[in-house]
Amino acid sequence: MNMDRQQLGKALQLYVVTDERPNGDELLPIIRSAIEGGATAIQLRRKQELGRRFVELGMAVRKLTREYGVLFFVNDRVDVALLVDADGVHVGQDDISCRDARRILGDRLIGVSADTVEEAIAAERDGADYLGVGAVFPTRSKADAGYTGLDGLRDIVKAVHIPVVAIGGIQASNVAETMRTGAAGVAVVSAVMSAANPKEAAAGLKARMNM
């Protein structure tokens, strides 16, 4: 994808990751509301979804994100990302490697999870376009998340040259201090997906980012 670092960082500013609710159809109106509230990127994360259903959902999210002009990532599944014409994929430390994902995806965007400076530098060296770093705060959305904290996030931002998106326990109450580390953006799950009004929740996060 033809975006420089600054453009990509801006496009990753409010990155909403879907939750694992059983009924995937429920995700679509929430995603629409989140985008209308200011979400700039959506990641479809369905660890337990069957492949065919994952692709169907991915195509629906692709249509929606294209309608609003926001980035669309698929978590982990490089094959699904290609099939649904996503803008990119996000992979963890135990998923398919960044280098192998690049071989398959060409110039599509690749994000890599990192919770240490060493992992972050390795991901940048291997061709990652951006990093997902956390958990910055304790979270129950991802049981296997490492813990980075604000100081760890700040160290990683200083150590790499690609945009860093902070994740883990980020809410309206702590988004401003998170952004002051130099992160390009924040990724949230429950703060938007579990909100009574996802549009207002996204707008609230966006408004507090630069305070």
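We count residues from 1, following the sequence as given.
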Would Glu177 and Arg180 pass as an ion pair if we require N to O under 4.0 Å? no
Can you name the closest pair of heavy atoms from [X] and [Y] and give their distance?
X	Y	result
Asp151	Arg154	OD1-NH1, 2.9 Å
Gly24	Leu57	O-CD2, 3.5 Å
Ala191	Ala201	O-CB, 3.4 Å
Glu20	Lys47	OE2-N, 2.9 Å
Ile156	Ala114	CD1-O, 4.5 Å
Ala159	Val117	CB-CG1, 3.8 Å

Could you check if a side-chain atom of [X] sits within less than 4.5 angstrom of a side-chain atom of [Y], using non-hydrogen atoms only?
X	Y	result
Asp76	Val89	no
Phe54	Leu44	yes
Met193	Leu27	yes
Val186	Leu14	yes
Val165	Leu131	no

Those residues at least two apart in sequence (or on a different chain) that pass salt bridge (charged side-chain N to carboxylate O under 4.0 Å, His left out) with Glu26 are Arg21
Please enumerate all residues that pass salt bridge (charged side-chain N to carboxylate O under 4.0 Å, His left out) together with Arg99, with sequence neighbours excluded. Asp126
Test log, rule side-chain contact (heavy atoms from CB on, under 4.5 Å), inputs Val16 and Ile31: CA-CA 8 Å; Val16 174; Ile31 292 171; over 6 Å; no
Donor-acceptor under 3.5 Å ([X] side chain, [Y] main chain):
X	Y	result
Lys206	Gly38	yes
Arg5	Gly9	no
Asp129	Ile110	yes
Asn174	Gln171	yes

Let's go through Asp4 and Lys10 carefully: what are the C-alpha distance in whole Å and the side-chain angles of both, what is the deciding distance for salt bridge (charged side-chain N to carboxylate O under 4.0 Å, His left out) to 0.1 Å, and is it a yes or a no? CA-CA 10 Å; Asp4 64 26; Lys10 190 174 180 182; over 6 Å; no
To the nearest 0.5 Å, what is the distance between [atom1] on [X] and [atom2] on [Y]?
X	Y	atom1	atom2	value
Glu200	Ser33	CD	OG	10.0 Å
Ser190	Ile170	OG	CD1	10.5 Å
Thr148	Asp115	OG1	CG	4.5 Å
Leu153	Lys158	CG	NZ	11.0 Å
Asp155	Thr181	CG	OG1	10.0 Å
Glu124	Cys98	CD	SG	10.5 Å

From CA spacing to verdict: side-chain contact (heavy atoms from CB on, under 4.5 Å), Phe137, Leu150: CA-CA 8 Å; Phe137 302 97; Leu150 283 169; 4.1 Å; yes
Give every donor-acceptor pair under 3.5 Å between a side-chain atom in residues 65-75 and any protein atom, sequence neighbours left out.
| unit_1 | atom_1 | unit_2 | atom_2 | d |
| --- | --- | --- | --- | --- |
| Thr65 | OG1 | Val61 | O | 2.8 |
| Thr65 | OG1 | Arg62 | O | 3.1 |
| Thr65 | OG1 | Arg62 | NH2 | 3.2 |
| Arg66 | NH2 | Asp85 | OD2 | 2.9 |
| Glu67 | OE2 | Arg32 | NH1 | 3.3 |
| Tyr68 | OH | Arg32 | NH1 | 3.0 |
| Tyr68 | OH | Glu36 | OE2 | 2.6 |

Set out, in order, the CA-CA distance, both residues' side-chain angles and the distance that settles side-chain contact (heavy atoms from CB on, under 4.5 Å) for Thr40 and Tyr15, then state yes or no. CA-CA 6 Å; Thr40 56; Tyr15 186 124; 5.6 Å; no
Checking side chain to side chain contact (heavy atoms under 4.5 Å, CB included) between His90 and each of Arg77, Gln43, Arg45, which is the one that passes? Gln43
May I have the step-by-step check of side-chain contact (heavy atoms from CB on, under 4.5 Å) for Leu105 and Val78, ending in yes or no? CA-CA 7 Å; Leu105 290 175; Val78 175; 3.7 Å; yes
